[in-house]
Amino acid sequence: MSTPPAPELFTWEFATDPYPAYAWLREHAPVHRAKLPSGVEAWLVTRYADARQALADQRLSKNPAHHDEPAHAKGKTGIPGERKAELMTHLLNIDPPDHTRLRRLVSKAFTPRRVAEFAPRVQELTDRLIDSFAAKGEADLIHEFAFPLPIYAICDLLGVPPEDQDDFRDWAGMMIRHGGGPRGGVARSVKKMRGYLAELIHRKRLDPGDDLISGLIKASDHGEHLTENEAAAMAFILLFAGFETTVNLVGNGVYALLRNPGERERLQSSLAAGERDLLETGVEELLRYDGPVELATWRYAMEPLTIGGQEIPAGDPVLVVLAAADRDPERFDAPDALDLSRRDNQHLGYGHGIHYCIGAPLARLEGQIALATLLTRLPDLRLAADPADLRWRGGLIMRGLRTLPVEFAPVVN
């Protein structure tokens with residue numbers, strides 16, 4: 001039998017449902033050199049075993065200095081705007097030993113205790129946002145719920161004063177439009193955020209509080225401290241990585257539950273009975289099934305190496321496709337089915353190895369509280385649009401809906 005033609009990648013149709021294309025790649029070209037929309041060429045790694053190996057392979061550097069980039073690719077990798085704003089020295093862009101030092105310092109200010117203590121605040125924000133639209137009987141769950149929840153939560157955690165949080169919301173909104181806003185808007189927003197963070201860090205040095213930026217400033221190990229640039233870059237990446245991922249976790253998660261009514265009813269019955277087990281395994285399954293991060297952030301081959309039988313030249317970019325790996329039938333039974341009680345679920349949604357997401361406990365907390373509260377308070381939640389009419393945001397790394405219109409019986413408090 002002849003091999004079916006390779007699917008077209010990175011079109012609007014692909015963005016709506018990339019999983020058939022990823023299934024083709026896993027089977028026929030598991031390590032595939034592709035031309036990205038930016039014009040940069042990179043290797044896409046799609047099988048689970050290869051992906052897990054690549055995520056932990058220290059010959060794949062996170063530092064863009066190792067990219068053997070042609071002139072047309074200059075500045076087209078990494079997070080938009082971060083180079084111009086001097087925000088490159090964060091955990092997603094550096095290797096050991098600097099990565100080891102920074103992660104050690106940051107983890108001191110990002111403890112499980114701090115995350116657990118934050119749960120009542122996340123619950124309060126969740127309820128306040130639902131209160132704002134519950135009486136209408138309809139809402140756009142992205143703009144009115146999934147988007148503001150993590151931005152206000154991460155602002156509180158970082159120590160951004162309430163009067164400045166709407167500015168952060170505007171900047172963050174521009175950052176996730178991925179080309180949907182005015183030309184240069186992303187870079188301008190990142191630059192404004194950088195200026196604000198520098199000023200806030202200066203204020204916190206003089207008058208520290210019980211917040212994450214104060215913790216970053218105070219964090220030290222063997223006399224080492226974060227520089228002001230490192231602290232600003234770290235606050236930026238915690239905001240960037242901890243915000244958009246949660247928007248998409250909540251948005252994609254609610255959408256998946258609305259498209260799988262049997263699983264949604266199981267979860268609602270479990271919550272009504274006061275149980276937590278299905279909620280906890282369910283959030284992990286939603287991360288695997290249609291997670292917020294489609295491709296892991298950029299890596300660059302420091303030397304020639306082989307992944308999945310494919311030789312990768314030194315200097316080439318490598319993108320691990322988490323969405324493809326997490327639907328690999330070699331690793332997961334019935335990978336295209338949503339099973340909220342799935343136990344053997346070593347998904348790669350938060351990465352693997354030394355770059356495993358430091359904010360994973362906070363994302364889990366926000367996802368569990370948001371979904372449980374939404375399904376409990378609005379039990380008859382239903383989609384108010386044809387799935388074919390929904391649009392997914394453009395962009396390479398993240399996967400998320402632009403809008404999620406829903407209806408429900410109005411609730412008057």
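Numbering of residues begins at 1 and proceeds along the displayed sequence.
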Quick one: closest heavy-atom pair of Asn252 and Gly291, and the distance? ND2-O, 3.4 Å
Separation between OG1 of Thr281 and CG of Leu278, rounded to the nearest 0.5 Å: 4.5 Å
Just do the salt bridge (charged side-chain N to carboxylate O under 4.0 Å, His left out) check on Arg47 and Glu330 with the steps written out, would you? CA-CA 8 Å; Arg47 287 181 180 166; Glu330 293 289 314; over 6 Å; no
Quick one about Tyr19 and Asp290 (side-chain donor to acceptor, distance below 3.5 Å, no hydrogens or angles considered), yes or no? yes
Under 3.5 Å, is there a donor-acceptor pair between the side chain of Glu407 and the main chain of Ala384? no
Determine yes or no for a side-chain-to-main-chain donor-acceptor pair under 3.5 angstrom, with Arg402 supplying the side chain and Leu390 the backbone. no
Under 4.5 Å between any side-chain heavy atoms of Ile369 and Leu365, yes or no? yes
Going by atom types only, do Asn248 and Thr246 share a side-chain donor-acceptor pair under 3.5 Å? no
Report the residues that fulfil side chain to side chain contact (heavy atoms under 4.5 Å, CB included) with Asp167, sequence neighbours left out, ordered by chain and then residue number. Trp171
Scanning both residues in full, the closest heavy-atom pair of Val320 with Ala54 reads CG2-CB, 3.8 Å
Looking at every heavy atom in both Leu197 and Ile213, which two are closest together, and how far apart are they? CD2-CD1, 4.2 Å
In short, Asp336 meets Tyr289 closest at the heavy-atom pair O-CE1, 3.4 Å
Run the side chain to side chain contact (heavy atoms under 4.5 Å, CB included) check on Ile307 and Asp57 step by step: do they pass? CA-CA 10 Å; Ile307 302 174; Asp57 193 330; 5.6 Å; no
Under 3.5 Å donor-acceptor, Arg59 side chain and Pro304 backbone: no
Gap separating the CG atom of Leu286 from the CG atom of Leu338, nearest 0.5 angstrom: 5.5 Å
Between Lys204 (side chain) and Gly209 (backbone), is there a donor-acceptor pair under 3.5 Å? no
State which residues pass side chain to side chain contact (heavy atoms under 4.5 Å, CB included) with Asp386; sequence neighbours excluded, sorted by chain then number. Ala388, Asp389
For Glu275, is the CD atom crowded, meaning more than 12 foreign heavy atoms sit under 6.0 Å from it? yes
I need the Arg382 CZ to Glu138 CD distance, nearest 0.5 Å. 10.5 Å
Would a line drawn from the ring center of Tyr196 to the ring center of Phe168 be shorter than 6.0 Å? yes
Given 3.5 Å as the limit, does a donor-acceptor pair link the side chain of Ser214 with the main chain of Asp210, or not? no
Can Ser132 and Glu144 be counted as having a side-chain donor-acceptor contact under 3.5 angstrom? no
So Lys35 and Glu41, salt bridge (charged side-chain N to carboxylate O under 4.0 Å, His left out) or not? Walk me through it. CA-CA 4 Å; Lys35 190 166 194 174; Glu41 292 192 2; 5.0 Å; no
Looking only at atom types and distance, does a side-chain atom of Ser61 sit under 3.5 Å from a main-chain N or O of Asn63, one as donor and one as acceptor? yes
Do side-chain atoms of Asp328 reach the backbone of Tyr48 as a donor and acceptor pair under 3.5 angstrom? yes
For the residue pair Ser341 and Arg266, confirm or rule out a side-chain donor-acceptor distance under 3.5 Å. yes
Worked verdict on Arg377 versus Asp131 for salt bridge (charged side-chain N to carboxylate O under 4.0 Å, His left out): CA-CA 10 Å; Arg377 291 192 55 185; Asp131 288 345; 2.6 Å; yes
Ion pair check, Glu117 and Arg113, cut-off under 4.0 Å: yes
Do Thr46 side-chain atoms and Pro30 backbone N/O form a donor-acceptor pair below 3.5 Å? yes
Do Val122 and Asp156 have side chains that get closer than 4.5 Å, going by heavy atoms? no
Go through Gln310 and Ile312 one step at a time and tell me if the side chain to side chain contact (heavy atoms under 4.5 Å, CB included) criterion holds. CA-CA 6 Å; Gln310 174 66 55; Ile312 311 286; 4.1 Å; yes
Between Gln165 and Arg169: side-chain donor-acceptor atoms closer than 3.5 Å: no
Please tell me if the side chains of Arg264 and Leu381 come closer than 4.5 Å, counting only heavy atoms from C-beta onward. yes
Any chance you could lay out the side chain to side chain contact (heavy atoms under 4.5 Å, CB included) test for Val321 and Val45, step after step, and finish with the verdict? CA-CA 6 Å; Val321 188; Val45 179; 5.9 Å; no
OH of Tyr152 to CZ of Arg121: how many Å apart, nearest 0.5 Å? 10.5 Å
Indicate whether the side chain of Arg276 and that of Gln368 have a donor and an acceptor atom separated by less than 3.5 Å. yes
Could you check whether Phe14 and Tyr22 have their ring centres less than 6.0 Å apart? yes
Please lay out, stage by stage, how Leu158 and Asp211 fare under the test side chain to side chain contact (heavy atoms under 4.5 Å, CB included). CA-CA 6 Å; Leu158 287 171; Asp211 54 75; over 6 Å; no
With the side chain counted from C-beta on, respond yes when Asp344 and Asp333 share a heavy-atom pair under 4.5 Å apart, and no when they do not. no
Treating Asp140 as the side-chain partner and Leu404 as the backbone partner, does any N or O pair qualify as donor plus acceptor under 3.5 Å? yes
Gln123 side, atom CD; Thr373 side, atom OG1 - distance, nearest 0.5 Å: 4.0 Å
Contacts of Asn345 meeting side chain to side chain contact (heavy atoms under 4.5 Å, CB included) (sequence neighbours excluded), chain-then-number -> Glu284, Glu285, Arg288, Phe332, Arg342, His347
When you measure from the side chain of Gln268 to the backbone N and O of Pro379, does any donor-acceptor pair fall under 3.5 Å? yes
Evaluate the criterion salt bridge (charged side-chain N to carboxylate O under 4.0 Å, His left out) for residue pair Arg299 and Asp316; output intermediate values, then yes/no. CA-CA 8 Å; Arg299 284 167 167 75; Asp316 274 14; over 6 Å; no
Between CZ of Arg52 and CD of Gln346, what distance do you get to the nearest 0.5 Å? 6.5 Å
Which heavy atom of Ala134 sits nearest a heavy atom of Phe408, and at what distance? O-CE1, 3.3 Å
Which atom of Leu55 lies closest to which atom of Ala296, heavy atoms considered: CD2-CB, 3.9 Å
